[in-house]
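Each remark here refers to the structure printed beneath this line.
Numbers here are sequence positions counted from 1.
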Amino acid sequence: MIAPAAAALILIQGYPLARLLVLSTQNFGPRSLFTGQADFVGADNFTALFGDPDFRAVLLRTLVFTVVCVALLMVLGFLLSHLLTGVSPWARVVTTVSLVLVWAMPMVAATLVWQWMYQPQYGVANWLLTKLRVFGDLTAYDWFSHPDQALGLVILLTVWKGLPFVALTLFAARGQIPEPLYEAARLDGAGTLQTFRHITVPILRPVLGILTLLEVIWSVNSFTPIWVLTQGGPDGRTTTLGVYAYVTAFSRNDYGSGASVAVVTVLILAVLSIAYVRRLADQGDEQGGPA
């Protein structure tokens with residue numbers, strides 16, 4: 001009964017992955033686009049990739065970017081979902097609608113808005129901060145010419161855009177926890193932190209796990225906000241794996257090396273996904289086993 005679905009997955013996902021793997025073992029350049037022929041180089045693309053100091057810097061930067069984004073998303077999303085459970089109905093509706101609008105906005109449109117906000121000459125962020133005199137005169141200040149600040153803005157944009165999904169998912173999951181559990185805990189003298197530790201987190205652990213995994217995948221593969229805001233600059237200091245693969249393949253016209261970057265990215269994410277699925281299966285066996 002699952003054969004049609006399995007066949008569709010193999011066709012839609014399996015073939016592109018197999019083609020990507022084959023491409024990563026070839027010296028596929030501009031000439032190959034016209035001739036369709038490419039020399040087989042085996043693991044040379046991967047050897048050159050791991051020997052490239054730029055790639056190691058990109059890998060470390062991607063790790064930092066992912067950890068910061070996921071940590072902020074999970075913490076802020078959990079706090080926002082907790083806030084939604086305690087506010088009045090009208091405030092909950094307004095907040096939910098605002099979150100959905102942010103979530104529904106196309107990433108390119110959202111990135112262009114942020115690009116305009118921090119534009120050196122007429123950006124509203126520079127104007128507002130200058131009026132507040134918090135950081136001094138920021139007239140004509142170029143945020144994107146400073147690597148750390150540019151990367152910080154990309155992180156803020158990524159968190160702002162992904163926060164609605166995390167917050168609304170956790171809010172929906174929080175609503176499935178029976179309220180009598182919290183009432184019983186309060187009768188036993190448990191405080192907010194104790195109920196959070198012994199009731200909320202254990203019950204929401206599967207949801208938190210899958211959200212964390214999804215956000216890791218999306219953060220590692222993040223391309224649009226980085227490319228539109230900074231194009232990986234200045235001096236490649238905001239380049240992550242997704243941007244590095246694109247630049248290698250399409251800017252340098254080295255499609256084989258670009259494919260090798262993509263293969264390494266897929267393998268990293270596959271290892272994380274398999275580890276999570278195995279852990280989830282082990283938890284299910286422990287819960288379903290004999291007492």
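Side-chain contact check for Ser260 versus Thr248: every heavy-atom pair is 4.5 Å or farther apart. Between Met105 and Val102, every side-chain heavy-atom pair lies at or beyond the 4.5 Å cut-off. You'll find the side chain of Leu204 reaches within 4.5 Å of the side chain of Ile177, heavy atoms only. Arg19 has its side chain out of reach of Pro16: every pair of non-hydrogen atoms, C-beta onward, lies at least 4.5 Å apart. Val220 places none of its side-chain heavy atoms less than 4.5 Å from the side chain of Leu272. At a threshold of 4.5 Å between non-hydrogen side-chain atoms, the residues Leu80 and Leu83 count as touching. Contact check for Leu163 versus Leu72: no side-chain heavy atoms found under the 4.5 Å cut-off. Between Phe78 and Leu211, every side-chain heavy-atom pair lies at or beyond the 4.5 Å cut-off.
Taking OG1 of Thr35 as the reference point, atom CG of Leu33 lies at 8.5 Å (rounded to 0.5 Å). In this structure, Thr62 OG1 and Ile268 CD1 are separated by 8.0 Å, a value rounded to the nearest 0.5 Å. To the nearest 0.5 Å, the span separating CG on Asn221 from OG1 on Thr66 amounts to 9.0 Å. Atom CD of Gln176 sits about 10.5 Å away from atom CZ of Phe171, to the nearest 0.5 Å. With rounding to the nearest 0.5 Å, the separation of CG in Asp44 from OG in Ser24 is 11.5 Å. Distance check: Thr47 OG1 to Asp52 CG gives 12.5 Å after rounding to the nearest 0.5 Å.
Of all heavy-atom pairs spanning Ser257 and Asn45, the tightest one is OG-OD1, 3.7 Å. Of all heavy-atom pairs spanning Gly162 and Glu215, the tightest one is O-OE2, 4.3 Å. Here the closest heavy-atom approach between residue Ile226 and residue Val154 is recorded as CG1-CG1, 3.4 Å. Minimum heavy-atom separation, Ser222 to Thr240: O-OG1, 3.8 Å. For Thr238 against Thr230, the heavy-atom pair with the smallest separation is OG1-OG1, 2.8 Å. The two residues Ala167 and Leu99 make their nearest non-hydrogen contact at CB-CD1, 4.4 Å.
Both Leu20 and Leu267 are part of a single hydrophobic cluster, where members link through side-chain heavy atoms under 4.5 Å apart. Under the 4.5 Å side-chain heavy-atom criterion for ILVMFWY residues, no single connected hydrophobic cluster contains both Leu112 and Met117. A continuous path of ILVMFWY side-chain contacts below 4.5 Å connects Val100 to Val87, so both sit in one hydrophobic cluster. Val266 and Val264 fall into different hydrophobic clusters, defined by Ile, Leu, Val, Met, Phe, Trp and Tyr side-chain heavy atoms under 4.5 Å apart, directly or through other members. When hydrophobic clusters are built by joining Ile, Leu, Val, Met, Phe, Trp and Tyr residues whose side-chain heavy atoms come closer than 4.5 Å, directly or via intermediates, Val216 is grouped together with Leu76.
Looking at Asn27, its side chain never comes within 3.5 Å of a backbone N or O of Asp39 through a donor-acceptor pair. Between the side chain of Thr169 and the backbone N or O of Val166 there is no donor-acceptor pair closer than 3.5 Å. Asp235 contributes no side-chain N or O that, together with a main-chain N or O of Arg237, makes up a donor-acceptor pair within less than 3.5 Å. Side-chain atoms of Arg61 come within 3.5 Å of backbone N or O of Thr239 as a donor-acceptor pair. Formation of a donor-acceptor pair under 3.5 Å by the Ser32 side chain with backbone atoms of Gln37 is found in this model. Distance alone, capped at 3.5 Å, places no donor-acceptor pair between the Thr224 side chain and the Met107 backbone. In this structure a side-chain-to-backbone donor-acceptor pair under 3.5 Å is present from Thr85 to His82.
Counting only residues at least two apart or in different chains, ring-ring contact (aromatic ring centres under 6.0 Å, His included) contacts with residues 2-52 comprise Phe50-Phe55.
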**Message:** For Leu153 and Leu157: C-alpha separation, side-chain torsions, deciding distance, then whether side chain to side chain contact (heavy atoms under 4.5 Å, CB included) applies.
**Reply:** CA-CA 6 Å; Leu153 290 179; Leu157 171 58; over 6 Å; no
**Request:** In sequence, state the C-alpha distance, the side-chain angles, and the governing distance for Trp143 and Leu138, and then conclude on side chain to side chain contact (heavy atoms under 4.5 Å, CB included).
**Result:** CA-CA 10 Å; Trp143 296 84; Leu138 294 178; 4.0 Å; yes
**Message:** Tyr118 vs Gln149, test: side chain to side chain donor-acceptor pair (under 3.5 Å). Steps then yes/no.
**Reply:** CA-CA 11 Å; Tyr118 291 93; Gln149 296 174 8; over 6 Å; no
**Request:** Take Thr139 and Asn126, measure what side chain to side chain contact (heavy atoms under 4.5 Å, CB included) needs, and give me the verdict at the end.
**Result:** CA-CA 6 Å; Thr139 304; Asn126 285 0; over 6 Å; no
**Prompt:** For Leu63 and Leu59, what are the C-alpha separation, side-chain angles and deciding distance, and is it a side chain to side chain contact (heavy atoms under 4.5 Å, CB included)?
**Reply:** CA-CA 6 Å; Leu63 175 63; Leu59 193 61; over 6 Å; no
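Counted within 6.0 Å of CZ on Arg56, heavy atoms from surrounding residues, nucleotides or ligands total more than 12; the atom is thus considered enclosed. Enclosure of atom CG in Leu193 is not indicated, since only 12 or fewer non-hydrogen atoms of other residues, nucleotides or ligands lie within 6.0 angstrom.
Ring geometry for Tyr141 versus His146: interplanar angle under 30°, hence parallel rather than tilted (30 to 60°).
Connectivity analysis of hydrophobic side chains (ILVMFWY, heavy atoms under 4.5 Å, direct or indirect) links Val97 to Val93, Leu101.
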Just list the side-chain donor-acceptor pairs under 3.5 Å for residues 180-189, sequence neighbours left out, or say none.
unit_1, atom_1, unit_2, atom_2, d
Tyr182, OH, Arg174, NE, 3.4
Tyr182, OH, Thr200, OG1, 2.6

